[in-house]
Each structure stands twice: as structure tokens, then as C-alpha cells.
Amino acid sequence: MSIQPVLLWSDVLLFVLMASIGGLSLWARRQDALRAAWARVARNPVAMSAATVLAAFVLIGLLDSVHYRARLPAQPGAETRYSVEVNSALDAVLADLRQRAEKTYSAPLATHLFAKEALENSAQREFPRLKFGGAHLGADLAAHEFDIAVRVSRGCAAGMLLWLLMASLWCRLADLELIATLKQLREGNQGSGAGNPATGAVFVTLLGILLLLGIAISLGGGYHVFGTDKVGQDVLYLSLKSIRTGLLIGTLTTLVMLPLAVLLGILAGYVGGWVDDLIQYLYTTLSSIPGVLLIAAAVLMMQVIIDTHPDWFATSAERADARLLALCLILGMTSWTGVARLLRGETLKLRELEFVQAAQAFGVGRFAIMRRHILPNLMHIVLIALVMDFSGLVLAEAVLSYVGVGVDPSTISFGTMINTARMELAREPMVWWSLVAAFAFMFALVLAANLFADAVRDAFDPRSSA
Amino acid sequence: MTILSVRDLAIHIPPGDFRPGAGIARPVDGISFDITPGECFALLGESGCGKSMTALGIMRLLPIAARAVAGTVNFEGRDLLALPESGMRDVRGGGIGMIFQEPATSLNPVLTVGRQIVEALELHSAMRGQAARARAAELLDQVGIPDPLRRLDEFPFQLSGGLRQRVMIAIALAGEPRLLIADEPTTALDVTIQAQVLDLLDDLRRKQGMALLLITHDLGVVARMADRVGVMYGGQLVEEAPRAAFFSQAAHPYSVRLFAALPDAKRRGGRLATIPGSVPAADVRHLGCRFAERCSEAVLACAATPPPWRVVETGQRVRCHLPGAAPAALPQIGAGAAVLAIAARPLLEVSDLQVHFPIRRGILQRAVGAVRAVDGMSLQLMAGRTLALVGESGCGKTTAGKAMLQLIRPTAGRVQLDGVELTTRSAAELRPLRAKMQMVFQDPFASLNPRLRIGDIIAEGMQALGTGAMGANGSMGDNGGDTAAKVGPLLEQVGLRADMVDRYPHEFSGGQRQRIAIARALAVHPQLLICDEPTSALDVSVQAQILNLLSDLQRDLKLAYLFITHNIAVVDYLAHDVAVMYLGRVVERGTADEVLRQSRHPYTQALLAAVPRIDGLGPLVVKLAGDMPSPANPPAGCHFHPRCPLADDACRRDYPPERRFGATHAVRCIKA
Amino acid sequence: MLAYIIRRLLYAIPILIGVNLLTFALFFVVNTPDDMARMQLGVKRVTPEAIQKWKVERGYDKPLVWNAAAAGSATLTDTIFFSKSVRMFAGDFGRADDGRDISREIGSRMGPSLAIALPTFVLGLFVAISFALLLVFFRATTLDFAGVVLCVAMMSISGLFYIIGGQWLVSKVWHLVPISGYGGGLDAAKFLILPVIIGVFGGIGSSTRWYRTIFLEEITRDYVRTARAKGLPERVVLFRHVLRNAMIPILTGVVVVIPSLFMGSLLTESFFGIPGLGSYTIDAINAQDFAVVRSMVFIGSVLYIAGLLLTDISYTLADPRVRLQ
């Protein structure tokens, strides 16, 4: 076997999360009200097109969560040894991007380095040629622009083709006439596709994604699409790798805090009395410390622990992963209070409802009432909190990493990208591309998440139906 | 000469995100009527018939999704639907005033009463400053609010419900409108307050020659107020008639059934006529008569073509295919033998029950007083009989019911069920007794957990109490078998189908939900059912179904009911014994005949007199002034003395002892 | 009402004690002072003497909560807990790693922080509420829809982008104001304009959307229908009726942050080189100056609790139902 699978803790949690989403959706299918709410989301064109974008991000994040260590070239007679470097499936897919590092900065699609250097055979300082970017052009630099145009159109064509393939496959499955459906789509007829107005939106979004994908692959074969950073790494590669970190922080954090928040919120609301007083005291105290400061303090302390126990981690990836998880945990511990407060208030209302009193009249026990009558009626709030928090957390990661209390500096994330790129702004002329790339990817992710979250909230929250 | 003339008004709501797949809803689907100056025209109908939508359509105050798509609304010669928004603003308040159902929410909570009236005055008259303020005080005085100058500076929350509705009327009067639209103006009020507000509206109409468009579901209110009646069904008028003709002989089958569904003493022990099914949804398209599918007289033509307007000989216009006026009177079962043998020992005996909620004030939140929700009530209920606990909102009747079930632990007093004392038992010790007593709640939409299937809801009690086949703590699916087998027959017993077990509550109408709630209580074979206003959230035709069901169940299962209600007609129809509550205490109790026909307590008499009657008999002399005092601060002496026409010094001094008149009739009044 | 405020004040005491205990546990129990010394000194230079010296310099050489060696009340007072945590109640925060007195440093840095945070707050509130009212006035039209989409887009942009983009555009391309720095007196204005505008801009998206939701919820209430039935124009309905009632939920969300304005903004201050508390904090975090971070945590929660109290009071003033009962 040429690889040794590595299961990082965050991978485990991510897959558990995926499995539980799967399980919950199976459960929700049996619940009429939930199914109806999801059906509303599914009919919302904006939500579904946002969901398509999110799905693309999640796919990248999941690929990036299958980790392994490659086997080192076998030494005759020696034991099989594996590299200390932990790679992911995404790294394997993007092996080209990852390995074609330049010496230092280069602009997007450039053929030369960004800064002049003294060349060996001349006294003059010149822009040296890149090792990989545009190397296939050879000496024919005049063909640079033409080559880019060709590659873009080739990428477009490939993306289009792939899209048509998927569309026809879908039409086959849904038993529709492809040409007629496309025509309907072009005419902006929302009625296409089994009566769901969102299907068209999904396919239009998919077309956009596939076109971008085609162009990126086609250009990326010969150039650095988003340029390279200070140590010559491809910025596109860094941006794609950042996605997993963002996704993890956005989801695991809420997941970590949910059980605690739900339990305490319901207990405080339903049991009341001193339990309520204690829980309220607990969350008022925690929430009275400004979030960033509490996180900073906790992260500083965590850093001390990690630094004083280097023996706990076999690889640097594991250490970075531990720090990422700890960050999720800390973010979670500081943000559960809001959800708990919300759930407490809602429980107080539910407690007075007549179906709870009817259960009390049967002598149903407290915990059975909380489980059967309170919890299921709070699930929509939990879900809304989950999706609404996601985008805020992705944005928070960038800020925290900038402040210096975010992820490990060796972890590739939007925050670390921005943090390192910030210094480059002062250069003259400016190195803008890694910053723009990080912001653009982050914007796409957060915007999609926000739009999707809005639709979910509208569909699940009876109050927002106005 | 008409002041308002509505022609073919249609209001549509396009399907939105929340009703995917549904068609266009047509809450108002072509309605025409006229109102002459000074006239009171009543739009009568059950919930969902489009009567409120009509009123909002006239005022152009429709919800954002709804729009008037056809017809004209002609007010004093101008088509309101064609006016620009600025022109419409002069009509609102100035030409047409409007008051709404919920006085509690219809006033701005953060502005003073005076500010809200003056605002309307400034808009529709030249009055400003002190003049406007003086006029506002005058208006408050005119609507019968005592001490108007002080009230001007108060906020709505400082007023009682009745006073708030008077303020609403004062605001509406500020622009001196020629037409007042009153949308269920008294539905949220107690019956004694309702009488006051109706008197006020009637008085204003006569004195100022103002026309009144009264929207209501209450036949009694129509009989009290209206000159002419329009009956709405499914977004259309089905009958239009002068009041006298309508109440002496209604013409449309729907109107006839509405009357027949009303409970009262004459139908006692018998069954009420019911209308099968429920009001059609607003997005259903109709070919023929909208009432056809619920009409027992329907002929082929009814379902095929819309019925034309027709004038019958009694003078009313009716929209019905059937020849002649009203169909023959519905069959009635004569008064049954309702009186059961009186057992030796009461099933439920309550003595000196008290429920006090502490009022906490100050820095340390010490209890500085108590809301005496229930303050020493005693009553007895025999097996198989119905005791009605009657009172206005806030008198503590619901709290008393819950305290008897130990859902709220009483502060003091004793509750004995079948000779077993309940108040001293712990929650665990109470559990085996819970099968004997159950409760049916008021709001059928809040009393069923929306996340559980009907089968699970009904099985819950059996599982908790182990009366059904006991599965450890599983749901229906886990232990399947016996519990599930018992749920089906229960559903059939309450008039639903056994195959409905797998549905969720939202698929059912209000009446069906109340049946499910009853089935849930019956599942554990109780002897006592405490029914807390079980029909007050339901339309009158559905109320009749539930009342019929309850009396059937009593006959078959020998159930005892403690029936908590404010509806005297229901009491008269159903109760064997009656206890009247006022401010946490029972002031009069006895058999239904004793309390309702020979009432001795002045409060009972006033309560009975305040109920609007459909037989056109005018209200009796006894009128109650003012509101019920707060249970946190009850008056000294007899609680009722501040409102009692008979009160003297002795009444102000001591709470009256119980005086007995015969074996069963007891009154707490020294004047009785 | 006075009793109510006193009660809220009393309630703040156990919370402050809780915060204090929590920070103590976080900074001294999770990691011992030895661990912190080891990390700060770096692995290479760690010797027992160096650790001891590091601890003595900072007063971390005492026992945690119970000094068995001392006599009398000193068994309690001559400890880390008393000298580092309890004394914070008296405003004594000790010294930073660079030897400066933290209390004085905080006092001198509050001004610049407030000079940015206060205008940002006031202007942001005004702009967002006006924008939200505009959207609500044109509700269910294309303008409303476009406004909401714009809001969602704006709140999807990282705060860092607003700052970096703003600095680049306004200072570097247009050369309108200095890119960063701070001056005293009137001179400060030219340094403050950009951070304030960027602060307002960055907050518009989410707050407009929040206010719009509140207004829309308020506008469906029955009393709004009553106001319209009087014949009031939509403008008056919005300003006199809806806005007045919406102020109650808005106040509860907004007043709580007012005292915390003193804390300044971490990002803005560090990017613009403002010598306020925000940049103080961020420098302390980067230098791992635990004493400063600990002090800021404590001050931050004191200010937040003051904000809660202010919220209660403002709520009482805004809502007659609370005021008069």
C-alpha cells in the first residue's frame, strides 16, 4: 500500500457531522412540518442557487478532509516509511498547483516574477522568467495573450459541455425533453423542471460554477491563475485549501456548543426555580466578558498548553488540527449563551401551552415532557441558529487570525492568507492578488451561506412569514 | 339614498411562498350591499367567510398580499377603489371610522390616550392645542369614560378592555364620520362589558345619525343592534333581510342551520342541529352553490349552477335554488331524561380552595401581596352530572379548574376526588389518580403538540398511566399492538376515522382538533372531565357538534363534567348544576333552573340580563356599571358591592355568608 | 423603579465576582505561572533561576489562594488571587510587562478609543435606521428587495476588507487623508474621518437588516392598522407610531454596547494606528502580556454589565408599561 490513511480529529468530527445531517434529514422526512418547511426552501430559487454554491464548497472541503501520508521511496531492505507530511485528497487532485512553486511573488497569469532580480549573466536587474507560469510558451512571449484567450475559450467549452451532459442526464432522470427545457430556461420560464421554480436557478448556478471550473483548469495548466505569494506558492491552491478551515470553524463550533446550549436552555426554561437562576447566572457571567477578549485569553492559555506539551502531537498537521479544534471549542464555549437564552425564552412560552399541560395532567414525567414536547418544538430554532451562525463564524476566523488568536499560522485559512498578504499592500507597486483572492472566495462562501440561511429562517420561523 | 354602496367587490390573494401549489385565494368573491344613512347593517358569518376582509377592503386597509380585483365601493358618490391614496386618507377617519376586535392591541401602547385622539382631531378638523385636548376630553365623556381629563394622560395599558374599546370608539368619532365600521367590536369583551359597549354604539348611532356596518358572528349581537342583516358564506352574501324577518323566519338553509345550532334551554337534553363538514377554504373554486356540499336539502342544480338572488314573501332576498322559503324545521329530539340518580358521595368535593400568586416587589423581591385568583371556593360534583362554573374573564375559573387537577398546586383548601384527598399527595402519588380526572382545554390549536402524530398524542396518556397496553416508554411504533389497537376505536368514538392516526394536528380543523383532545382525555377512562371553555374558540355550527359529542359521551360513559365557561346559552343547554364565580369565589350555586331562572344574586341577574337574546326580547333593567376589580386588590366586604345596585353599608363591611334557599340553592348575598 | 435599578445593581455584584473567578481560573489555574514563564522565556533559555526571576518580576511567586507561610490576614492577602484578582475591584491592575502601570495606561487610552467609537456608533445608528425606514416605506417593492440584497451582500464582506479597501482607496489612491496615525486636538479630525466612515460602512448591512425586521414586525401590529384607519399618511404612521414602538427592541440591542465603546475597536485601531484601548489589547495579545489581557477582560465585563444596567433603565424610560408599573 502506497499510502497510510490519517484520520485527524477534525476529519472525524466533520464526517460525524455529515452523517448526523444525513440522519436528521431522514428523520425530518417523516415529520410533516419539517418536510413542508424544507420544501419551501427547495422551491426558493435564491436559496437553491446558494445551496449549489455551498455544495461546491462543501465538496472541496470534504475532499480536503481525506488525509493520508504518502509512502516514501522504498529503501532496499529498510522498513516501509511514510512521509511526515500529511496530505489530503484535495492535495492529490491539485498536485500540479501545489508542486509548481515559484521563487516568490508573481502576478496572476504572469510569465515573469514580480520583482526585478540581478541575473547571473548580466549586470542588469531584470524580471526573471517563471519556472512554471507560461513556461510552455518558450521564447514566444508574444503569444501570451492569445494563449490565454485560447485557454479561456477552451475552458468555457469544456465547462459548457460538462453542464450539458449533466443537464441531459437530469432531464433523462426527470423524464423531460432537453431542448424544450433549455428553451424554457432561456425564456426565463420558472415553471420548468417538474414544476419546481428553483430547478432553473440551480442549473444556471451550476453552469456558472462549471464555466469557472473549466477556465480555472484550463488556465491553471499553464499559469498561476491567481499569481503566487511571497514564497512562490500558488494563490489559487491556498484559497482552495482555506475552504476546509472556514467550513470547519463555521460548522463544528456550533455543533460543539449545541448540546450544551439546548440542554441548559430547556432546563432553565422548563424546570425554573434555582436551576433557572443558576443557568442564567452562568450565561450572563460568560456573556458579560467581551467575546474577542475571552477568546483571546482562552487561546493564549491554550497556546501555552500546546507549546509546553510538544510531545502530544506526532506531526505538525496534528498540532495544527488540535489548535483548530480548540479554537472551535473556545468559540463554541463563548457563543452558546445566545442560543441558550433564546431557547430558554421559547421554552418558557411552550411550557405554558396547553399540550404541555395536557401531558402534565397525565402525570408524564418532566424529562419525558422536555424530550417529547419541548425539544421537537425547538428544533427549528436550533436549525436557524446553526445556519445563521455559520457565516458569522467564517468571518470571525479571519479577524481572529489577524488578531493573532486564530488558527495555527501553519494552517492555511482565509485569515492567515489575509494576515500575510496585508504586509504586501505596502509594497510599491502593490501585491494585491492574494488578498483579493482570499476576500473573493470568502465573499462567495459567506454570501451563499447568508442567502441560504435567510431562506431557511423564512421557511422555518413562523414569525418571519410577513 | 345610500351612503355606502358596494358592488361586486372581489378580493384575491395570489398564492405566495407559503402556499405553494395552492390556487388564488378568494376571501371575498363578488359581494354587493347598500347602507343608508343612520342605518345599522350587520354582516353575519362564521370565521373565514370573508366578512373582515370586506371591511378592510372598503377602507383599503387590506394586508399587503391581498388586493381588491373587481367591483366598486361607492361612498357618498365617490368610488373609493378609484381614489388616489391621498384622497382615501380623507375618507378614512373623516368619512368612515373603524373600530376593531382587539382593543388590547389596537391602541398604540406607547402613546397616551389623549395623544391618539388629538392626532385624529388634528387630521380631520382645524382644532389644535388646548381646543383639541378639550374636544378629546369631551369625546371620552361622550363614550362614557368617567374622569376624562385624567384618562387623557393615561396609557392604554392602564385601562380595562371595555374602556379601551370606548377609547377606540372615541378615536373613530373624532373625525365625525358618517359611517362607522365595527369589526367584531365586542367579541373580546366580557358579556357585561359587551352590553355596555353595544348600548353605547346604538346610542351614538341614534343621536348622531351615523350609519353602522357591524361585522359579527354573534346572532345575539345582530338581534340587539341591526336594522338589516347580510349573511355571508364562502366570500359571498347568501341572504339579506330586515332584522325582524330574519329572526322570525330565516330563509337560506345556512341561516336556518345557524339558528338550529344555537344551544339554549329549549333544546336541553336533546341534540343540537349541526352542519356537517366545515367552511370551504378560500382557494376552492365553486361551480354551484357554495353551501351545497353541507346542505341536506341540496338538489342536483345546487352543485351545478350558482343560485340566483330571489325575493321570498317575507321580504328577504336569498340566494338559493330551493323553492319556497326556509326548509322545514330540523328534526329535534325531545328533552331527554337528563336527571340522574344522586349518588351518596360527590365524585368531586372542593372546599375552601385557594390559589394565591404572590406579588413580588422591591429590592429583595419580597412578596408584598397576592393575586387571589381563587379565594376560598367550595363546590360539589356528583358522578355523571354536569356542573357549570360560570364567570367572566379574570374571575379565576380556569385557575380553579387547574388547581382541582393539581396542575397548579392550591395555596390552601381541600380537593377530594372520590373520597381521596389530592392536595396532600406528591406528584408520584397523584399519578395513579390522574386516570380518573382529565381536562379538555380551550384552544384546540395549542392543546395538541404539532410535532406528534394523532396516534401518539392519544396514546400518550395510556402510556404514561399504564391504562392502555403498556410499552416501557416507546412511541406507537415500538410497542405497536395493543395501544395502537385502542386508539382507532377512540377516534371513532369521537366521530373521526380510525385511519387518521398517522396524521399530524395541522391537517385538522378546529372542531376536529377538539375531538382529538377529547379522545386523548377519554383514553384513560376518566370519571371526571374538566372542560375549560372547550367551544369558545369554535364557530357556532362546530360548537354544536362538540356539545352533542359531550352529551353523548356523558350518556354512554356516565362521565361527570366540570364545565368552565362564560357562555350562558351553553350552560343553559347542558348543565345540571351551576356555580357562578366572581373574583375568586362562588357567589351563587344551585341547579341550572334555580340559578338561571330564579337567580337571587344581583351579579347573576346582571350577567343573565347582559346576554343579547335572539328572540328580540329587550334587555332587562339590571345593568352593570364599571369593570371587575383586580383580584390583587379585592374590595372590602362583598366583592361585588362597588358595582351592585343594591349595595348598602352592611355590604361594604363584611363578606356575606352563604344563605341557603332550599336543598341545593345557595347565595352569598345579604340582599338575596 | 428605583428599587428595580438598585436590584439590578446588586445583581451585578455576583456576576462581577463570577467574571473575576473565571479570569483567575483561566490565567492561573489552567496553566501554572511556571508554564507561562517557560513559554515566554523560550525553550532554550529555561532554567529554574530564570523562571523564578520571571515570576518574581511579575509577583507570580506567591501561593495561589492560601499563603500558609504568612500570618494573620496576610494568609489571604499575600497571594496571587488577592493581589492579581481581588485588587482589580479597586481599579488596581498592576503593571504590564514593560513596567508601565496598566490603570494609567488605560486612562490615557480611553480618549482616543472613544473619539473613534462614539462617532461611529452615533452615525452608524442614524444611517442604518434611516436606511431601514426607507426600505420599510417602500416595502414589497423592487427598491426594498434591492436594498435587502445589498444589505446581505454588504454583511457578507469581511470587516478586514472594508478597512484595507478603504485605506487603499481613500488614502493611497485619492490621497484624501493620512493612511494612519493620531494627533491631539482638532488635528485628530483628519485621522478620525476615515476610520469612522469605514466603521459606519462596515456595519450598515447587518444593522439595517436588523432594524428593517423590527420595523416590519411592528408594522403588522393592530395599532398600525388603527393609525391608518384614522387617515394618517404613511409617513406619520412610520415616524410617530412604528418608530416609537420599534425603539423598545432597538434600545435593548443598542444601549448595551454604549459603555463598551470605551474599549474601542481592535481592528480599526490597530490598522489606523490609533493609540486606544483596542490597539493596546491587540499589542498585549501579540506580546502575550497576560497582565494586560486579564485587565482588559475585567474592564470589558464591567463595562458590559454597566451596559446591561443602562439597557434596563432606558427600557424603563422608553416603555410606559414598564415605567408606570
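Chain identifiers are assigned alphabetically (A, B, ...) following the order of the sequence lines, protein sequences preceding nucleic acid strands; residue numbering begins at 1 within each chain. Basis for what follows: all heavy atoms, side chains included, without hydrogens, waters or symmetry-related copies.
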Participant: Heavy-atom distance under 4.5 Å between the side chains of A:Leu435 and C:Phe161, does that happen here?
Facilitator: no

Participant: Decide yes or no for C:Leu308 and A:Ser288: does some side-chain heavy atom of the first lie under 4.5 Å from some side-chain heavy atom of the second?
Facilitator: no

Participant: So for C:Leu26, is it side chain, backbone, both, or neither that comes closer than 4.5 Å to the heavy atoms of chain A?
Facilitator: both

Participant: Could you state the interatomic distance from OH (A:Tyr281) to CD1 (C:Ile17), rounded to the nearest 0.5 Å?
Facilitator: 7.0 Å

Participant: Any chance you could measure A:Thr285, atom OG1, to C:Ile15, atom CD1, to the nearest 0.5 Å?
Facilitator: 5.0 Å

Participant: Determine whether more than 12 heavy atoms belonging to other residues, nucleotides or ligands lie under 6.0 Å from atom NZ of C:Lys55.
Facilitator: yes

Participant: Got more than 12 heavy atoms from elsewhere within 6.0 Å of CZ, C:Phe89?
Facilitator: yes

Participant: Should we say atom CZ of A:Phe443 is surrounded by more than 12 heavy atoms from elsewhere, each under 6.0 Å from it?
Facilitator: yes

Participant: Supply the atom-to-atom distance C:Cys151 SG to A:Asn450 CG, rounded to the nearest 0.5 angstrom.
Facilitator: 11.0 Å

Participant: Under 4.5 Å between any side-chain heavy atoms of A:Ile305 and C:Asp35, yes or no?
Facilitator: no

Participant: Taking every non-hydrogen pair under 4.5 Å, which of C:Val293, C:Val19, C:Leu16, C:Val256 racks up the most with chain A?
Facilitator: C:Val19

Participant: Go through the steps to decide whether A:Val304 and C:Phe290 satisfy the test side-chain contact (heavy atoms from CB on, under 4.5 Å), and finish with yes or no.
Facilitator: CA-CA 11 Å; A:Val304 175; C:Phe290 301 115; 4.1 Å; yes

Participant: Quick check on C:Leu160 against chain A: is it the side chain, the backbone, both or neither that has a heavy atom closer than 4.5 Å?
Facilitator: both

Participant: Under a 4.5 Å heavy-atom cut-off, does chain A meet the side chain of C:Ile285, its backbone, both or neither?
Facilitator: both

Participant: Quick one: of C:Leu267, C:Leu303, C:Thr281, who has the most non-hydrogen atom pairs under 4.5 Å with chain A?
Facilitator: C:Leu267

Participant: Where on C:Phe298 is there a heavy atom nearer than 4.5 Å to chain A: the side chain, the backbone, both, or neither?
Facilitator: neither

Participant: What's the spacing between A:Ile418 CD1 and C:Ile164 CD1 if we round to 0.5 Å?
Facilitator: 6.5 Å

Participant: Determine, step by step, whether C:Ile157 and A:Leu395 satisfy the side-chain contact (heavy atoms from CB on, under 4.5 Å) criterion, reporting the C-alpha distance in whole Å, the side-chain angles of both residues, the deciding distance to 0.1 Å, and the verdict.
Facilitator: CA-CA 8 Å; C:Ile157 296 173; A:Leu395 291 177; over 6 Å; no

Participant: Identify which of C:Asn286, C:Leu22, C:Ile305, C:Val297 forms the greatest number of heavy-atom pairs closer than 4.5 Å to chain A.
Facilitator: C:Val297

Participant: Taking it one step at a time, do C:Tyr162 and A:Phe439 satisfy ring-ring contact (aromatic ring centres under 6.0 Å, His included)?
Facilitator: CA-CA 10 Å; C:Tyr162 286 111; A:Phe439 280 133; 9.3 Å; no

Participant: Looking only at heavy atoms, which two atoms of A:Leu300 and C:Gln288 are closest? And how far apart?
Facilitator: CD2-NE2, 3.8 Å

Participant: With a 4.5 angstrom heavy-atom cut-off, which part of C:Ser158 approaches chain A: side chain, backbone, both or neither?
Facilitator: both

Participant: Does any heavy atom of chain A fall under 4.5 Å from the side chain of C:Arg209, the backbone, both, or neither of them?
Facilitator: side chain

Participant: Among A:Ala298, A:Ala398, A:Ser287, who wins on heavy-atom pairs under 4.5 Å with chain C?
Facilitator: A:Ser287

Participant: Just verifying a value: how many Å separate A:Leu451 CG and C:Ser156 OG, rounded to the nearest 0.5 Å?
Facilitator: 6.5 Å

Participant: Measure the spacing between CZ of C:Phe28 and CE of A:Met301 and express it to the nearest 0.5 Å.
Facilitator: 8.0 Å

Participant: Contact between A:Ile289 and C:Tyr304 at the side-chain level, heavy atoms closer than 4.5 Å - yes or no?
Facilitator: no

Participant: Is it the side chain or the backbone of C:Met155 that comes within 4.5 Å of chain A heavy atoms, both, or neither?
Facilitator: both

Participant: Please look at A:Leu445 and chain C and tell me whether the side chain, the backbone, both or neither of the residue comes under 4.5 angstrom of a heavy atom of that chain.
Facilitator: neither

Participant: Considering all heavy atoms of both residues, which atom of C:Ser301 and which atom of A:Pro290 are nearest to each other, and what is their separation?
Facilitator: N-CD, 3.7 Å

Participant: Is it the case that more than 12 heavy atoms not belonging to C:Phe262 sit under 6.0 Å from its CZ atom?
Facilitator: no

Participant: Pick one of side chain, backbone, both or neither for C:Ile219, based on which atoms fall under 4.5 Å of a heavy atom in chain A.
Facilitator: neither

